[in-house]
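Encoded as structure tokens, the structure appears first; notes follow it.
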Amino acid sequence: MMAIRELKVCLLGDTGVGKSSIVCRFVQDHFDHNISPTIGASFMTKTVPCGNELHKFLIWDTAGQERFHSLAPMYYRGSAAAVIVYDITKQDSFHTLKKWVKELKEHGPENIVMAIAGNKCDLSDIREVPMKDAKEYAESIGAIVVETSAKNAVNIEELFQGISRQIPPLDPHENGNNGAIKLGKQTSQTGRRCC
Ligand SMILES: Nc1nc2c(ncn2[C@@H]2O[C@H](COP(=O)(O)OP(=O)(O)OP(=O)(O)O)[C@@H](O)[C@H]2O)c(=O)[nH]1
């Protein structure tokens, strides 16, 4: 039997960058042009194979609006990974991403895997953030980086596969639970579903 590992993952980033859309594309393979802003946070799960294990992502999609900022620690606390999203057509959103990284480094879990997603790459004709800037920044902080389009389903699976690859394989001798462990803790749910 394959071991199932539960991985708490949170999404952080400015309002409107496409966090909920990325989650909807990953979990439901669906895109909604008229998706409304997240209130509080929403929760979804998806299980994917990774080598000899199954990774069950417990995904907390946080609200990007400033008024919800103080809730974020509930979602990144105990997370195995954070997906920090910016919009390639908005330089400001890249600036906000850097603020999230700083907060995670100061207050987040010590070994949290950081994955940067430059979303809306289908709009590269109106791009404001060069891929090179994102790559250099990601390298400087030891994060994964990928440009995504939730709209066109570009690099969404790859984003989560990248996270899976950063999670060290289970040592079966380290726990007595048939190899199944939890990485990150689940917290109580607030807000609405994302789609
Ligand atoms: N062109 C394009 N539009 C996108 C993409 N992803 C999301 N959008 C649009 O961007 C807008 C915001 O998307 P959301 O997923 O609600 O953004 P969010 O980051 O979750 O926003 P908050 O919930 O306020 O934090 C919506 O109109 C989406 O349809 C994408 O990959 N390409």
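We use all heavy atoms of the structure for the numbers below, so side chains are in, but hydrogens, waters and symmetry mates are not.
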Would a hydrophobic clustering, with Ile, Leu, Val, Met, Phe, Trp and Tyr connected at side-chain separations under 4.5 Å, put [X] with [Y]?
{"X": "Trp60", "Y": "Leu104", "answer": "no"}
{"X": "Phe94", "Y": "Ile88", "answer": "yes"}
{"X": "Phe43", "Y": "Leu71", "answer": "yes"}
{"X": "Leu11", "Y": "Tyr86", "answer": "no"}
{"X": "Val85", "Y": "Leu123", "answer": "no"}

Please name the residue in the list [options] that meets the side-chain contact (heavy atoms from CB on, under 4.5 Å) test with [X].
{"X": "Ser20", "options": "Thr62, Ile35, Asp32", "value": "Ile35"}
{"X": "Leu58", "options": "Met44, Glu6, Lys46", "value": "Glu6"}
{"X": "Lys135", "options": "Glu139, Met131, Lys132", "value": "Met131"}

Donor-acceptor contact present, side-chain Lys19 to main-chain Asp14, <3.5 Å:
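Yes; at least one donor-acceptor contact below 3.5 Å.
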Check whether any side-chain N or O of Ser93 sits under 3.5 Å from a backbone N or O of Asp87 as a donor-acceptor pair, and report yes or no.
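Answer holds: yes.
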Gap between atom CH2 of Trp100 and atom CD1 of Ile84 - 0.5 Å precision
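Output value for this atom pair is 10.0 Å.
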Interatomic distance, Ile144 atom CD1 to Ile116 atom CD1 [nearest 0.5 angstrom]
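One gets 9.5 Å once the value is rounded to the nearest 0.5 Å.
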Partners passing ring pair (Phe, Tyr, Trp, His ring centres under 6.0 Å) against Phe31 (at least two apart in sequence or in another chain):
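Residues passing ring pair (Phe, Tyr, Trp, His ring centres under 6.0 Å) with Phe31: His33.
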Can you list every side-chain hydrogen bond (donor to acceptor under 3.5 Å, both in side chains) pair that touches residues 65-74, not counting sequence neighbours?
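The answer is Gln65-Arg67, His69-Glu103.
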Under 3.5 Å, sequence neighbours excluded: what are the donor-acceptor pairs made by side chains of residues 150-167?
{"from": "Asn155", "atom 1": "ND2", "to": "Glu147", "atom 2": "O", "distance (Å)": "2.8"}
{"from": "Ser164", "atom 1": "OG", "to": "His55", "atom 2": "ND1", "distance (Å)": "2.8"}

When you look at NE2 of His95, are more than 12 heavy atoms from neighbouring residues, nucleotides or ligands closer to it than 6.0 Å?
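Atom NE2 in His95 is not crowded, with 12 or fewer foreign heavy atoms closer than 6.0 Å.
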